[in-house]
Number of protein chains: 2
Amino acid sequence: MRPQKIEEPEMLNGFAKLFREKGYEGTSLAELAEATGLKKASLYHRFPKGKEEMAKAVLLNVNNWVEEHVFNTLTNQLLTPEERLKNGLRSIKKLYDDGNTPCLLQAFSIQSGINVFNQLINDSMSYWVDAFTNIGLAFDLSQSVAKEKAIQVLIDIQGSLVVSRGLNNPNIFINTLNNIEVIYTKN
Amino acid sequence: MRPQKIEEPEMLNGFAKLFREKGYEGTSLAELAEATGLKKASLYHRFPKGKEEMAKAVLLNVNNWVEEHVFNTLTNQLLTPEERLKNGLRSIKKLYDDGNTPCLLQAFSIQSGINVFNQLINDSMSYWVDAFTNIGLAFDLSQSVAKEKAIQVLIDIQGSLVVSRGLNNPNIFINTLNNIEVIYTKN
DNA sequence: GTCTATAGCTTGATAGAC
DNA sequence: GTCTATCAAGCTATAGAC
């Protein structure tokens, strides 16, 4: 296999940056091509179904990163619950660039036509709830309370990203992440 | 003045519905025209600067509704703090159609190019924080604690809208609004 | 696997009749 | 104040050479 001009992981990261900032409709193939250094036609060689396939690949790529760095950390039986939570939150902080980067799921949930990403978004969010339910159980919460708290954590993360961006103050996101540790350790 | 085919308030409500669901880029002039029953050229008679002017008019229209139904309610000195809060939250529930309607500020914060709406979004969110800071003061909180809680309320509202939509469960939004009452009355 | 070139359509916006 | 007609530019996507 001859070397490609740009490797897929690097490409998907470039796509993600565009999609997060501009949304699905707001990102053009011209911009996607420019981000890779390739021409539009070359993108179609790698993603025959076009922009939609690129967006789905980006979503799956982010999901894989989250699985490795967030889910696997939160459920790592070799660590104490406190360590799992601390390390998981550190990864989340990195994922959203300390509150400076919007969430891809939010960006893709706004779109024209019937939303072909709805199922993927639903799956991803359920995944986040499962991960935090798991850490709640590690803190000896009941299943129902653990799930309730997990949903609140997701609300806090998503909401603080929105508000941080709206008020132009990433510290709101940082403070929210710090408070999440308290939510689990205060009881 | 001869009667117009469609009145401005009705028009702006139709625009708002489109913009909230599809975002700024995802909403076309063809759709905006169709929503009014007018032709594209007729829209330009009312909004000479085009789509951007329509979007800004929608934002101002929503802000006016919020000022009347949320801010004025939360700060109504003729009511007890409990009544103000209860009535204000009822209006918020209506604004977001019981969790079934996305927030316009979120929709407009995702967009291509430099975001011309950033300042308006920032102003609107600051407005929400001020309104809830005010109700916090009415519950005898200190200025700093009242503002802190106000930001958390905004996070809860915005976050629960995102998560309700993502998990396809508007009850998450409803529950969040109910909990906000507790946040203020439990201390 | 990347390119040039282009098809076919939709976009936001305007001119001018009524 | 609304319309028909139209524009130039941008869009997604494809054909085919190398």
Side-chain angles (χ1 to χ4, degrees), chain A residues 1-59 107-108 110-117, chain B residues 1-59 104 107-108 110-117 120:
Chain A
M1 189 170 83
R2 298 223 310 285
Q4 299 177 323
K5 280 196 178 174
I6 179 173
E7 300 296 330
E8 178 146 322
E10 193 185 343
M11 251 175 94
L12 294 179
N13 285 339
F15 289 172
K17 186 171 179 179
L18 284 167
F19 281 131
R20 273 193 288 248
E21 294 285 344
K22 297 158 179 275
Y24 182 78
E25 307 285 342
T27 304
S28 68
L29 282 175
E31 291 171 310
L32 291 165
E34 194 188 0
T36 63
L38 297 177
K39 297 297 175 182
K40 277 186 283 182
S42 304
L43 289 187
Y44 276 91
H45 175 75
R46 308 205 192 191
F47 304 93
K49 290 194 227 129
K51 190 171 161 182
E52 190 176 315
E53 190 177 354
M54 299 177 207
K56 285 182 177 171
V58 167
L59 265 180
F108 280 171
I110 293 161
Q111 203 194 325
S112 73
I114 39 168
N115 195 329
V116 293
F117 301 117
Chain B
M1 188 169 80
R2 298 222 308 284
Q4 299 176 324
K5 281 197 179 177
I6 179 172
E7 300 296 331
E8 177 145 322
E10 192 185 343
M11 249 173 96
L12 294 179
N13 286 339
F15 289 173
K17 187 172 179 179
L18 284 168
F19 281 131
R20 275 193 287 248
E21 294 285 344
K22 297 159 179 277
Y24 182 78
E25 306 285 340
T27 304
S28 68
L29 282 176
E31 289 171 311
L32 290 165
E34 194 188 2
T36 64
L38 298 176
K39 297 297 175 184
K40 276 186 287 183
S42 304
L43 289 189
Y44 276 90
H45 176 76
R46 308 205 192 188
F47 305 92
K49 291 195 225 130
K51 190 171 161 183
E52 190 175 316
E53 190 177 356
M54 299 176 207
K56 285 181 178 171
V58 168
L59 264 180
L104 197 59
F108 280 172
I110 293 162
Q111 202 193 326
S112 74
I114 40 169
N115 195 330
V116 292
F117 301 117
L120 275 171

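Chain naming here is simple, since letters A, B, ... match the order of the sequence lines and numbering starts at 1 in each. All of these numbers come straight from a predicted model, not from anything done at the bench.
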Taking atom C1' of dT6(C) as reference, at what distance in whole Å does atom NZ of K40(A) sit?
10 Å
Nearest heavy atoms of A33(A) and K40(A), plus distance in Å:
CB-N, 3.8 Å
Taking the side chain as C-beta and beyond, is there a heavy-atom pair between M54(A) and T27(A) under 4.5 Å?
no
Report the distance from atom NZ of K22(B) to atom P of dT11(C), rounded to the nearest whole Å.
10 Å
Distance, rounded to the nearest Å, where L29(B) contributes CG and dA5(D) contributes P:
19 Å
Please name the pair of heavy atoms, one in R46(B) and one in E53(B), separated by the smallest distance, quoted to 0.1 Å.
O-OE2, 4.4 Å
E8(A): salt bridge (charged side-chain N to carboxylate O under 4.0 Å, His left out) partners, not counting sequence neighbours
none
To the nearest 0.5 Å, how far apart are NZ in K51(A) and NZ in K56(A)?
14.0 Å
When A41(A) and S28(A) are each assigned the nearest nucleotide of DNA chain D, the 5'-most assignment goes to S28(A)
K39(A) side chain near dT2(C) phosphate (N/O to OP1/OP2, under 4.0 Å)
no
Nearest whole angstrom, please: distance from the P of dG12(C) to the CZ of F15(B).
12 Å
Over how many whole Å does the gap from E25(A) atom CD to dT11(C) atom P extend?
10 Å
Whole-Å distance, F47(A) CZ to dG1(C) C1', equals 14 Å
May I ask you to verify if any side-chain N or O of Y44(A) is less than 4.0 angstrom from the OP1 or OP2 atom of dT14(D)?
no
Distance check needed: dT2(C) P versus E8(A) CD, whole Å only.
12 Å
What does T36(A) touch in the nucleic acid at a heavy-atom separation under 4.0 angstrom: a base, only the sugar-phosphate, or nothing?
nothing
For S42(A) and dC3(C), is the shortest distance between a side-chain N/O and OP1 or OP2 below 4.0 Å?
yes
Whole angstrom is fine here: how far is it from NE2 in H45(A) over to P in dT12(D)?
20 Å
Please figure out whether E31(A) or P48(A) has its closest DNA chain D nucleotide nearer the 5' end.
E31(A)
Which of dA13(D), dA13(C), dT2(D) is nearest the side chain of K51(B)? It is dA13(C)
